[in-house]
Amino acid sequence: MVLCPVIGKLLHKRVVLASASPRRQEILSNAGLRFEVVPSRFKEKLDKASFATPYEYAMETAKQKALEVATRMHQKDLRTPDVVIGADTIVTVGGLILEKPVDKQDAYRMLSRLSGKEHSVFTGVAIVHCSSNDRQLHTRVSEFYEETTVKFSELSEELLWEYIHSGEPMDKAGGYGIQALGGMLVESVHGDFLNVVGFPLNHFCKQLVELYYPPRPEDLRQPVQHDCIPAVDTFEDLSDVEGGGSEPAQRETGSRDEKAEVGAAGQATAEAECHRTRATLPPFPTRLLELLDGFKLSKALLTACKLKVFDWLKREAPQKAPDIASKVDASACGTEKLLDVCAAMGLLEKTQQGYSNTETANLYLASDSEYSLHGFMLQNDDVIWNLFTYLEFAIREGRNQHHRVLGKKVEDLFQDAYYRSPETQLRFMQAMHGVAKLTARQVATAFDLSRFSSACDVGGCTGALARELAREYPRLQVTVFDLPDVVELAVHFQPAGPQAAQIHFAAGDFFRDPLPSAELYVLCRILHNWSDDKVHKLLSKVAESCKPGAGLLLVETLLDEEKREAQGGLIQSLNMLVQTEGRERSRGEYQCLLELHGFHQVQVVHLEGVLDAMLATRVAP
Ligand SMILES: Cc1cn([C@@H]2O[C@H](COP(=O)(O)OP(=O)(O)OP(=O)(O)O)[C@@H](O)[C@H]2O)c(=O)[nH]c1=O
């Protein structure tokens with residue numbers, strides 16, 4: 001237990017991870033570190049030729065990423081972070097440095113270079129300690145790097161392209177992710193695995209030990225005790241005193257001297273006692289407590305949306321808490337607390353002049369933004385939140401909880417729950433529209449659909465996906481098929497534009513009425529709403545409507561076969577239980593369903609976020 005307590009040293013500091021990499025976030029939060037994420041805006045464009053070694057390049061890039069965030073936060077925020085962590089992962093092969101591929105061809109070039117060979121993965125890490133004096137930012141940088149060697153098998157062209165089409169290579173150095181599908185390409189690994197994934201956790205902890213527990217002269221004379229950690233008073237000077245804490249000689253001064261007055265014998269006993277207690281203490285349950293607080297953070301976000309805080313701040317900013325309070329008709333003290341939490345969550349920026357929206361808030365939380373998720377937030381606040389309060393019942397009974405929330409029997413999920421009034425229906429459609437707009441472009445471009453001249457988006461709601469399909473394929477005629485009430489309101493969501501002539505709405509119930517004829521059927525986040533029986537019913541209707549060669553584009557969240565990955569898909573599965581008659585399914589389950597109904601040649605592309613797209617072709621019965 002040498003490494004965990006040192007992470008605990010950072011628990012009371014404002015730690016910022018200057019990285020957008022979800023892997024780094026996961027590695028560090030799994031290690032119990034509590035931190036905010038502020039992705040760096042530093043452009044990774046240093047002149048590689050000016051560095052003697054690749055790792056110096058990685059360390060310098062990591063340092064610049066962290067310093068950019070430290071400086072930006074210092075300028076924009078009243079509270080300077082205590083520690084900013086930056087990292088940069090690169091792959092080197094035959095003297096070349098490979099970063100993230102810019103497109104599929106670039107990924108192809110990288111992966112073919114790595115095929116059958118050994119390469120090195122370097123991650124440079126910078127730990128920047130910040131302090132501010134007279135509004136001046138002072139930084140102290142500690143850097144290190146880690147190298148891991150990885151050997152790839154010989155990759156066939158087919159495997160290589162299949163891997164590239166999975167979408168995985170695009171945001172990863174060297175064009176692969178060892179932790180996921182890319183693991184299949186790897187024959188052997190020598191060194192720290194997590195270093196390849198993006199963050200050398202082991203070396204990081206050792207670096208923290210060096211920074212926070214530099215050896216004292218007496219320690220240097222005695223054998224190291226690996227199950228004890230030094231007393232707390234030996235580290236605190238690190239971020240406060242320039243140069244303090246890292247040289248053993250300085251250990252003789254400061255707080256340790258004060259203790260000397262107590263008497264050498266007394267101190268030894270106290271330290272021994274402290275060591276004993278520390279050694280038996282379990283690690284601080286940071287992650288657990290964060291999970292516990294998760295629902296409060298969600299509710300704060302949803303409440304700020306409901307009060308239209310982000311709308312007011314989009315119109316005029318910065319604004320002080322009392323001004324916003326009067327606009328949203330709320331108390332000044334309550335509003336200030338809510339705004340501070342929103343700022344801490346990275347949704348608002350707080351300066352002496354007041355609060356302003358961050359880019360995220362302007363883009364997604366203001367209700368009039370093109371990609372607004374405001375409707376989705378309201379749906380979560382008004383409907384899903386209530387359903388989740390009955391999660392225990394949902395688990396016990398294995399079914400959704402609309403009947404408890406509404407206090408009556410729900411026979412037809414959509415008519416009796418989501419569409420029970422014009423208001424609830426509109427809110428549901430707004431929510432679906434926001435989510436669909438966000439993902440529609442990716443869905444429309446996941447495969448080459450140019451061979452189809454007509455498509456039917458079954459349960460296509462507001463036509464957000466139809467619009468992107470029409471934009472991507474100007475020859476394609478798209479029919480959106482949905483319930484009559486939905487079709488009636490859907491027109492309000494369709495802006496004018498060149499695509500309008502390609503999109504038609506048809507009213508009907510996909511379980512009861514015949515489906516409009518088309519060469520390509522689209523089922524986007526439909527099947528997960530329904531039980532296996534209903535899924536079979538719907539798929540057999542689609543299959544009957546298809547001629548051989550017709551396509552089926554299925555978009556769902558695919559669970560991994562073991563249902564073990566810590567990904568959004570699993571929580572989405574719980575969400576389906578609480579809300580619907582269906583469930584999320586694995587890739588294998590969907591593949592079986594498709595094949596059972598005569599759809600073969602299944603291709604799968606993972607989209608950003610939790611969705612996956614599958615394209616299958618109907619074969620002759
Ligand atoms: C080799 C390998 C790399 N990666 C990821 O590749 C990105 C490297 O790029 P970066 O420039 O260091 O980081 P970034 O993603 O741009 O984030 P940022 O820190 O904001 O620059 C990081 O994500 C890593 O996890 C994997 O997930 N798995 C692997 O096997």
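In listed order, ligands and their atoms are each counted from 1. Index from 1, following the sequence.
If you number the atoms of ligand 1 from 1 as listed, the ones under 4.0 Å from a heavy atom of Glu44 come out as 11 (O), 16 (O), 21 (O). Listed by number with element, the atoms of ligand 1 under 4.0 angstrom from any heavy atom of Gly177 are 28 (N), 29 (C), 30 (O). Within ligand 1, the atoms closer than 4.0 Å to a non-hydrogen atom of Ile178 are 28 (N), 29 (C), 30 (O), numbered from 1 in the order shown. Close contacts of ligand 1 with Ala20, meaning ligand atoms under 4.0 Å from a residue heavy atom, involve 17 (O), 18 (P), 19 (O), 20 (O).
Under the 4.5 Å side-chain criterion, counting only non-hydrogen atoms from C-beta, Thr61 is in contact with Phe42. The closest side-chain heavy-atom distance from Tyr364 to Leu347 is not below 4.5 Å. Between Thr71 and Leu137, the closest side-chain pair of non-hydrogen atoms falls below 4.5 Å.
Of the protein's non-hydrogen atoms, Ala173 N, 3.0 Å is the one closest to atom 6 (O) of ligand 1. Among protein heavy atoms, the minimum distance from atom 27 (O) of ligand 1 is reached at Gln179 NE2, 2.8 Å. Remark: minimum distance from atom 4 (N) of ligand 1 to any protein heavy atom is reached at Val197 O, 3.6 Å. Nearest protein heavy-atom neighbour of atom 3 (C) of ligand 1: Val196 O, 3.5 Å. Protein heavy atom at the shortest distance from atom 5 (C) of ligand 1 is Arg23 NH2, 3.7 Å. Atom 13 (O) of ligand 1 has Arg24 NH1, 3.0 Å as its closest protein atom, hydrogens excluded (heavy atom only). Closest to atom 21 (O) of ligand 1 among all protein heavy atoms lies Lys65 NZ, 2.6 Å. Counting only heavy atoms of the protein, atom 16 (O) of ligand 1 lies nearest to Lys100 NZ, 2.3 Å.
Checked against Val84 for a side-chain contact (heavy atoms from CB on, under 4.5 Å), the options Val38, Ile127, Val15, Val69 give a single hit: Val69. Each of Gln64, Lys65, Arg72 was evaluated against Glu68; a single residue qualifies, Arg72, per the side chain to side chain donor-acceptor pair (under 3.5 Å) test. Tested against Ile178 for a side-chain contact (heavy atoms from CB on, under 4.5 Å), the candidates Val189, Leu185, Val121, Asn195 yield a single pass: Val189.
Neither the backbone nor the side chain of Phe199 has any atom closer than 4.0 Å to an atom of ligand 1 (non-hydrogen atoms only). Contact annotation: for Ser21 versus ligand 1, heavy atoms closer than 4.0 Å belong to both the backbone and the side chain.
Polar contact check, Thr89 against ligand 1: a nitrogen or oxygen pair lies under 3.5 Å apart.
Within the structure, every pair that satisfies the salt bridge (Lys or Arg N to Asp or Glu O under 4.0 Å) test and touches residues 176-193, not counting sequence neighbours, is listed here: Lys151-Glu187.
Cation-pi contact between Lys350 and Tyr355: absent, since separation from the ring centre below 6.0 Å together with deviation from the ring axis within 45° is not met.
More than 12 heavy atoms of other shown residues, nucleotides or ligands fall within 6.0 angstrom of atom NZ in Lys296.
Closest heavy-atom approach to atom 7 (C) of ligand 1 within the set Asp88, Thr123, Asp171: this belongs to Asp171.
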Start with the C-alpha distance between His528 and Tyr590, add both sets of side-chain angles, then the distance that settles ring pair (Phe, Tyr, Trp, His ring centres under 6.0 Å), and finish with yes or no. CA-CA 10 Å; His528 71 169; Tyr590 277 116; 9.0 Å; no
